[in-house]
Amino acid sequence: MNKETIRKLTFSGLLAAEIILLTTLVAIPMPGGLGFLNLGDAGVLSAAFILGSPWGVLCAGMASAASDLLLGYAVYAPATFIVKGAMAGLFILLRRVMKEKGLLVAFLVSSLCVPAGYFLYEALLYGAAAAAPNMLFNAVQGLIGAGVAYATHGFLAKLLQRMH
C-alpha cells in the first residue's frame with residue numbers, strides 16, 4: 001500500500017467513527033416513530049470534504065448505515081447507505097463545479113438528499129401520506145448538518161494542511 005492509500009484509509013476510519021458518534025449520541029426519535037434526528041450529516045459532509053470520492057462516499061454511506069444498525073433501525077440501513085452516500089457524492093460534485101465560492105451552496109444543496117431520499121424510501125415502505133411529515137424533520141436535520149459542516153470546514157482544512 002502506498003502512503004496516500006494508508007492516509008485515506010486512516011482518515012476514513014476516523015471519520016466513520018465521527019459519523020457514528022454524531023449519529024448515535026444525538027439520536028432524537030421523530031414523532032410517529034419513523035427514524036430519528038441526529039447530527040450525523042455534519043460528519044457525512046466532513047467526510048466528503050476531507051476524503052473526496054470514492055473514499056468520502058463509501059465512508060459516509062457505510063458509517064451512517066452502521067449507525068442505523070446500532071440504533072435498531074435496520075430497516076433503514078440500505079436506504080441510509082444510498083442516501084448518505086448520494087449526499088456525499090453530490091457535495092463532492094458540486095464542490096468541483098462551484099469551487100470555494102460556492103462551498104456553502106454545495107453544503108446546503110447536497111443536504112437536500114436527506115429529505116428527498118428518505119421520502120422516497122418511506123413512501124415505498126409506508127405510503128406517501130406517512131412519509132410526507134418526515135420530510136420537514138429530515139430537511140431540518142440535513143440543513144443543520146450542512147451548517148455545522150460548513151462552520152467547521154475551515155478548521156478541518158487547516159488541520160489537514162498541518163498533517164501533510
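We're numbering straight along the sequence, starting at 1.
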[X] versus [Y]: any side-chain heavy-atom pair under 4.5 Å?
X	Y	answer
I19	K84	no
N38	L22	no
S46	H153	no
L9	I6	no
S53	R96	yes
T5	W55	yes
L39	T23	no

With rounding to the nearest 0.5 angstrom, report the [atom1] to [atom2] distance, [X] to [Y].
X	Y	atom1	atom2	result
L124	F119	CG	CZ	9.5 Å
L103	L94	CG	CG	10.0 Å
T24	L69	OG1	CG	12.0 Å
K8	K3	NZ	NZ	14.0 Å
I82	M87	CD1	CE	15.5 Å
I20	D68	CD1	CG	10.5 Å

Membership question, hydrophobic clusters at under 4.5 Å side-chain separation (ILVMFWY): are [Y] and [X] in the same one?
X	Y	answer
L14	L70	no
L71	F81	no
V148	V26	yes
I50	L104	yes
Y126	V83	yes

What pair of heavy atoms forms the shortest contact from [X] to [Y], and how long is it?
X	Y	result
C113	L90	SG-CD2, 3.8 Å
A130	P133	O-CD, 3.4 Å
A131	A123	CB-N, 3.5 Å
A16	C59	N-SG, 3.6 Å
A48	F91	CB-CD2, 3.6 Å
G142	D41	CA-OD2, 3.4 Å

Hey, what's the ring geometry for Y150 with F107, parallel, tilted or perpendicular (30° and 60° as the breaks)?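 Perpendicular.
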
Consider side chain to side chain contact (heavy atoms under 4.5 Å, CB included). Of L51, L45, V97, V57, which one does I92 pass it with?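 Among L51, L45, V97, V57, the one that satisfies the side chain to side chain contact (heavy atoms under 4.5 Å, CB included) with I92 is V57.
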
Could you tell me whether the side chains of T80 and Y118 share a donor-acceptor contact shorter than 3.5 Å?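 Side-chain D/A pair, T80 to Y118: present.
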
